[in-house]
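Okay, structure first, notes after.
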Amino acid sequence: MGWWKAARSIPASILSFATSVFVRLVGAAALALLLATCAQPPSLLTQIKQLGVLRVVTRNSPTTFYFGSHGPTGFEYDLARLFAEDLGVRLEVYAPLSLTDVLDAVRDGYADIAAAGLSITRTREQHLRFGPPYQYVTQKVIYRYGEPRPDSPADLVGHGLMVLADSSHAARLEVLQEQYPKLKWTASDAVESEELLAQVAHADLDYTVADSNEFALDRRYYPELRAAFDLKPPEPIAWAFRRTDDLSLYNAAVAFFSRIRADGKLAQIVERYYGASDDFDYVGTRTFIHDIKTLLPDYQPWFQDAAENTGIDWRLLAAIGYQESHWDPHAVSPTGVRGVMMLTLGTAGDLGIENRINPEQSILGGAQYFSLMKARIPDEVHEPDRTWMALAAYNVGIGHIFDAREITRERGGNPNRWIDVRASLPLLTEKKWYSQTKYGYARGEQPLIYVANIRSYYSILNWITSQPKSTTDETGTVTASSE
């Protein structure tokens, strides 16, 4: 039974969805009358604009859609929200329990688009129409560090292997079973990818299969995870649409992806979610998760007080503090910066901080200094780029960020985007470039590592500390709206 058909007590958000479906059915009857008078029925895109709502079905996962510390977020959510804004309509997102229900919802017309990190497969193309690819992922067999590493599908025989039902992973295993008849697995529609990865990390499951983008994000939360081998070459992922003769919404999406690819917005969203996942430090990540449990409770109240004082998320402040000192109030560098937030003597004096090794004072001073860096970033730089540039300024100095922005402009990049400025910062070590700048030489690679580490710490803190804020009905369907 589809998730929208469950005969249960239906919450208002789902009732609104069901009502809108009813409106469309009533509209269909009206369209029949129009046809009788030879009038042309409105296209699906026109209907969406008339209703003022774009309904997107997705999965509740780190790579698609979830509720973070500031509300709904996720790679697919951001793309869908941008598309809804482009159409001038409100976005409604639904995340049912299973991938099967995601596919059924768009195939049967109960959702306009499936934006769920779906791989394009021949089986799915029989019932769905896929838009232009926006990412390429590789299916990876995942195992736990310390356990024997499988090197081929033959090594999976006789072990516990579970994947999502109706997934491209299950389809690939079915193909491989022809070559390896003894290969067995369980296909479940009661779990999500992250749950399977967690089971492997906790030694409750031998193996699973995950897309490379999911693995890149989730290994930060489960550092014991390892990728063994690829099940097949990289494959494209794209939005899925109902396969009908009406191509109006599909064509609008094709044009949308063409625009955001050309103007850099797609690259910006990719960088936002995956830019800090390229470099993975197993030992560092395990140590950080351990320190969250053992050290952070002593300092968290001061980070939260500083957050109230400055309006900066306390988790981000804590991530800065960890990058600076590993939350050690007695930390000191060869250059004389010290304390949890590693303030210089001059900066501490300017901020009115009397004792840099006092953790409460240091954390407040660091929060105030970071807030000043954000305030000095030009107004035309928007979030999250504004935060990333401010972090780099905290590390290397605001003047060098201004120089890197000028170099970015000179090279034809966008000085308001971190992804472009990030590419220019290393040039501050080259005389050809720094000799033309106001503030001169800088170790340009250093802030890149600094910002990437803090983003990773911040992501982990969000994952560990955020409380669910979603609306979940009795069938497990998670809903959100852009309003």
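Nothing here was measured: the structure is a model prediction, and the numbers come from that model.
How far CD of E195 is from CG of N60: 9.5 Å, rounded to the nearest 0.5 Å. Between atom CD of residue Q135 and atom CG of residue L266 there is a gap of 8.0 Å, rounded to the nearest 0.5 Å. A distance of 10.0 Å separates CD of E410 from CG of L427, quoted to the nearest 0.5 Å. Atom CZ of R259 sits about 8.5 Å away from atom CG of D263, to the nearest 0.5 Å. From L351, atom CG reaches atom CZ of R356 across 12.0 Å, with rounding to the nearest 0.5 Å. Interatomic distance, L205 CG to Q199 CD, rounded to the nearest 0.5 Å: 5.5 Å.
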Set out, in order, the CA-CA distance, both residues' side-chain angles and the distance that settles ring-ring contact (aromatic ring centres under 6.0 Å, His included) for F241 and F130, then state yes or no. CA-CA 6 Å; F241 304 79; F130 283 90; 8.7 Å; no
Show the numbers, then the answer: is there a side chain to side chain contact (heavy atoms under 4.5 Å, CB included) between F83 and I113? CA-CA 11 Å; F83 184 46; I113 299 172; 3.7 Å; yes
For Y441 and W433, what are the C-alpha separation, side-chain angles and deciding distance, and is it a ring-ring contact (aromatic ring centres under 6.0 Å, His included)? CA-CA 9 Å; Y441 171 87; W433 292 99; over 10 Å; no
As a quick check of understanding, evaluate side chain to side chain contact (heavy atoms under 4.5 Å, CB included) for F288 and T285, giving each step before the final call. CA-CA 5 Å; F288 178 58; T285 301; 5.7 Å; no
Just do the side chain to side chain contact (heavy atoms under 4.5 Å, CB included) check on R315 and T465 with the steps written out, would you? CA-CA 9 Å; R315 302 169 185 84; T465 63; 2.7 Å; yes
R219/E214 under salt bridge (charged side-chain N to carboxylate O under 4.0 Å, His left out): CA gap, chis, key distance, verdict: CA-CA 8 Å; R219 67 177 175 173; E214 292 178 319; over 6 Å; no
I'd like to know whether T387 forms a side chain to side chain contact (heavy atoms under 4.5 Å, CB included) with K374, so could you lay out the CA-CA distance, the side-chain angles of the two residues, the decisive distance to 0.1 Å, and finally the verdict. CA-CA 7 Å; T387 292; K374 282 194 72 174; 3.4 Å; yes
Could you go through the side-chain hydrogen bond (donor to acceptor under 3.5 Å, both in side chains) check for R338 and S333 one step at a time? CA-CA 6 Å; R338 56 174 43 196; S333 80; over 6 Å; no
Walk me through whether T429 and R443 qualify under side-chain hydrogen bond (donor to acceptor under 3.5 Å, both in side chains). CA-CA 6 Å; T429 63; R443 293 178 177 174; over 6 Å; no
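Between the S362 side chain and the N358 main chain, no donor and acceptor come within less than 3.5 Å of each other. In this structure, the side chain of S98 does not engage the main chain of A190 through any donor-acceptor pair within 3.5 Å. In this structure, T408 contributes its side chain and P415 its backbone to no donor-acceptor pair below 3.5 Å. Between the side chain of Q361 and the backbone N or O of N355, at least one donor-acceptor pair lies under 3.5 Å. Panel note: side chain S435, backbone K431; a donor-acceptor pair is recorded below 3.5 Å. Between the side chain of E76 and the main chain of G117, a donor-acceptor pair closer than 3.5 Å is present. Of the possible polar contacts, none joining the S371 side chain to the A367 backbone as a donor-acceptor pair under 3.5 Å is found. Proximity of a side-chain donor or acceptor of S258 to a complementary backbone N or O of V254 within less than 3.5 Å is not detected. Although no hydrogens or angles enter the test, the distance criterion places no donor-acceptor pair under 3.5 Å between the side chain of H290 and the main chain of R286. The main-chain N or O of A318 is found under 3.5 Å from a side-chain atom of W327 such that the two form a donor-acceptor pair.
The side chain to side chain contact (heavy atoms under 4.5 Å, CB included) test with L164 is passed by exactly one of D189, V209, T208, V191: V191. No option in R417, Q268, R422 other than Q268 meets the side chain to side chain donor-acceptor pair (under 3.5 Å) test with D385. With R405 as reference, N416 is the one residue of D420, N416, N414 to meet the side chain to side chain donor-acceptor pair (under 3.5 Å) rule. Each of F75, Y274, F215 was evaluated against T63; a single residue qualifies, Y274, per the side chain to side chain contact (heavy atoms under 4.5 Å, CB included) test. Test I363, N395, L391 against I320 for side chain to side chain contact (heavy atoms under 4.5 Å, CB included) and you get one pass: L391.
For an aromatic pair to be called close, the ring centres must be under 6.0 Å apart, and W388 with Y450 fails this. Checked against the 6.0 Å centroid criterion, the rings of Y439 and F402 do not qualify as a close aromatic pair. Aromatic ring centres of Y250 and W239: separated by at least 6.0 Å. Ring centroid separation for the pair F257 and Y134 comes in under the 6.0 Å cut-off.
Q139 and E235 form a side-chain donor-acceptor contact under 3.5 Å, judged by distance and modelled atom types alone. No side-chain N or O of D350 forms a donor-acceptor pair with one of Y369 less than 3.5 Å apart. Judged by distance alone, the side chains of S456 and S459 never bring a donor and an acceptor atom under 3.5 Å apart.
For E354, the CD atom counts as loosely surrounded, since its 6.0 Å shell holds 12 or fewer non-hydrogen atoms of other residues, nucleotides or ligands.
Between Y221 and I464, the closest side-chain pair of non-hydrogen atoms is not below 4.5 Å. You'll find the side chain of I48 reaches within 4.5 Å of the side chain of D112, heavy atoms only. Side-chain contact between I142 and L197: present, with at least one pair of heavy atoms (C-beta onward) separated by less than 4.5 Å. Within the 4.5 Å cutoff, the side chain of V200 has no heavy atoms near those of the L196 side chain. At a threshold of 4.5 Å between non-hydrogen side-chain atoms, the residues L372 and Q368 do not count as touching. Annotation: side chain of R59 is in contact with side chain of E192 (closest heavy-atom distance under 4.5 Å). By the 4.5 Å heavy-atom criterion applied to side chains, T347 and I353 are not counted as neighbours. At least one side-chain heavy atom of W302 sits less than 4.5 Å from a side-chain heavy atom of D305.
Between E85 and R90 no salt bridge is recorded (no basic side-chain N to carboxylate O distance below 4.0 Å). Ion pairing of R386 with E383 is absent here, as no side-chain N (NZ or NE/NH1/NH2) approaches a carboxylate O to less than 4.0 Å. With salt bridges taken as basic N to acidic carboxylate O contacts below 4.0 Å, one links E271 and R455. Residues R272 and D78 are paired through a salt bridge, judged by an N-O separation under 4.0 Å between the basic side chain and the carboxylate. Here E92 pairs with R55 in a salt bridge; the nearest charged N to carboxylate O distance falls below 4.0 Å.
Across A105 and V57, no two heavy atoms sit closer than the pair CB-CG2, 4.1 Å. Closest non-hydrogen pair, V53 versus V89, comes out as N-CB, 3.9 Å.
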